[in-house]
Amino acid sequence: MNLVKKNIFILVFIQGINYLFPLLTIPFLSRVFGPEGIGALTLAQAIILYLGFIVDFGFGLTVTRKISLAEKNKDQNQINNLFTQTLILKIVFFIVLVFFAGLISQFVESLSDVKQ
């Protein structure tokens, strides 16, 4: 039970940092970049967030289930294979999406101003 309390504390701490960090950095960044710069930064963050959703889509559900079944069967080799395959697929998806995002930023006029 002690391990569960430790994990809960660590997760709450990490989530608290995730809420606190923007509250500390956004006022500084808005002062440094100005209104136009903070808008460009927010647009870039939104695009990165969408790309991250696309890369992670479905893996959190499907692979987690398969790994839990392999853990139940005590099959460490299958767990290692699932982890490796998932990591490779995510890297491939990431590279493809970065390539397409680069192409889109070249041809979409409103994004060409932001990519500085």
Side-chain angles (χ1 to χ4, degrees):
M1 190 65 177
N2 192 17
L3 183 62
V4 173
K5 289 180 182 179
K6 180 181 175 184
N7 286 341
I8 290 172
F9 173 75
I10 290 172
L11 289 173
V12 168
F13 178 74
I14 290 172
Q15 194 63 34
I17 295 295
N18 286 338
Y19 286 130
L20 189 61
F21 186 71
L23 290 174
L24 297 175
T25 58
I26 288 175
F28 171 74
L29 291 175
S30 63
R31 188 170 33 113
V32 171
F33 290 143
E36 187 176 314
I38 200 72
L41 177 67
T42 305
L43 177 63
Q45 287 175 334
I47 291 170
I48 290 168
L49 187 66
Y50 281 122
L51 293 177
F53 284 150
I54 292 170
V55 168
D56 281 338
F57 184 74
F59 286 116
L61 299 174
T62 58
V63 177
T64 305
R65 181 177 183 277
K66 289 179 181 180
I67 287 178
S68 69
L69 291 174
E71 178 68 28
K72 185 178 178 182
N73 296 332
K74 307 286 189 225
D75 190 359
Q76 187 63 38
N77 191 30
Q78 185 180 6
I79 293 172
N80 293 339
N81 287 338
L82 285 168
F83 176 76
T84 305
Q85 291 169 359
T86 303
L87 193 61
I88 290 171
L89 275 173
K90 283 185 172 187
I91 290 170
V92 168
F93 286 163
F94 173 75
I95 291 170
V96 169
L97 286 174
V98 166
F99 175 73
F100 281 124
L103 282 177
I104 290 171
S105 71
Q106 294 292 323
F107 297 112
V108 176
E109 202 171 305
S110 62
L111 294 177
S112 65
D113 297 336
V114 177
K115 68 178 181 181
Q116 301 171 2

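Computed from a predicted model, the values in this text were never measured in an experiment.
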Taking only residues at least two apart or on different chains, which pairs with a member in [range] satisfy salt bridge (charged side-chain N to carboxylate O under 4.0 Å, His left out)?
range	result
residues 13-26	none
residues 9-29	none
residues 60-83	none
residues 28-41	none

Given the rule that I, L, V, M, F, W and Y join up when any side-chain heavy atoms are under 4.5 Å apart, are [X] and [Y] in one cluster?
X	Y	result
Val32	Leu29	yes
Leu82	Leu69	no
Phe94	Val96	no
Phe21	Ile14	no
Val55	Phe100	no

Handout entry: side-chain contact (heavy atoms from CB on, under 4.5 Å) against Gln45, all qualifying residues, sequence neighbours excluded
Key =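 Residues passing side-chain contact (heavy atoms from CB on, under 4.5 Å) with Gln45: Leu41.
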Problem - Heavy-atom pair of closest approach, residues Leu97 and Ile54 - result: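 Heavy atoms of Leu97 and Ile54 come nearest at CD1-CG2, 3.5 Å.
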Exercise for the section: Compare every heavy atom of Ile17 with every heavy atom of Pro22, then report the nearest pair and how far apart it is. Expected result: CD-O, 4.4 Å
Roughly how far apart are [X] [atom1] and [Y] [atom2], rounded to 0.5 Å?
X	Y	atom1	atom2	value
Leu43	Ile47	CG	CD1	4.0 Å
Phe13	Asn18	CZ	CG	10.5 Å
Ile79	Asn73	CD1	CG	9.0 Å

Who else is in the cluster with [X] when I, L, V, M, F, W and Y are joined by side-chain contacts under 4.5 Å?
X	value
Leu61	none
Leu49	Tyr50, Phe53
Ile26	none
Leu11	none

Problem - Phe99 side chain near Leu103 side chain, heavy-atom distance below 4.5 Å - result: yes
Handout entry: Within-4.5 Å side-chain heavy-atom neighbours: Phe59 and Phe93
Key =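 Result yes, sub-4.5 Å side-chain heavy-atom pair found.
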Problem - For Asn81, side chain to side chain donor-acceptor pair (under 3.5 Å) partners two or more places apart - result: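 Once residues adjacent in sequence are excluded, Asn81 has no partner under the side chain to side chain donor-acceptor pair (under 3.5 Å) criterion.
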Fill in the blank from the handout: side chain to side chain donor-acceptor pair (under 3.5 Å) filter on Gln15, not counting sequence neighbours, yields none
Handout entry: Contact list for residues 90-104, test side chain to side chain donor-acceptor pair (under 3.5 Å), sequence neighbours left out
Key = Asp56-Lys90
Handout entry: Sole candidate of Thr62, Val63, Thr64 that passes side-chain contact (heavy atoms from CB on, under 4.5 Å) when paired with Thr86
Key = Val63
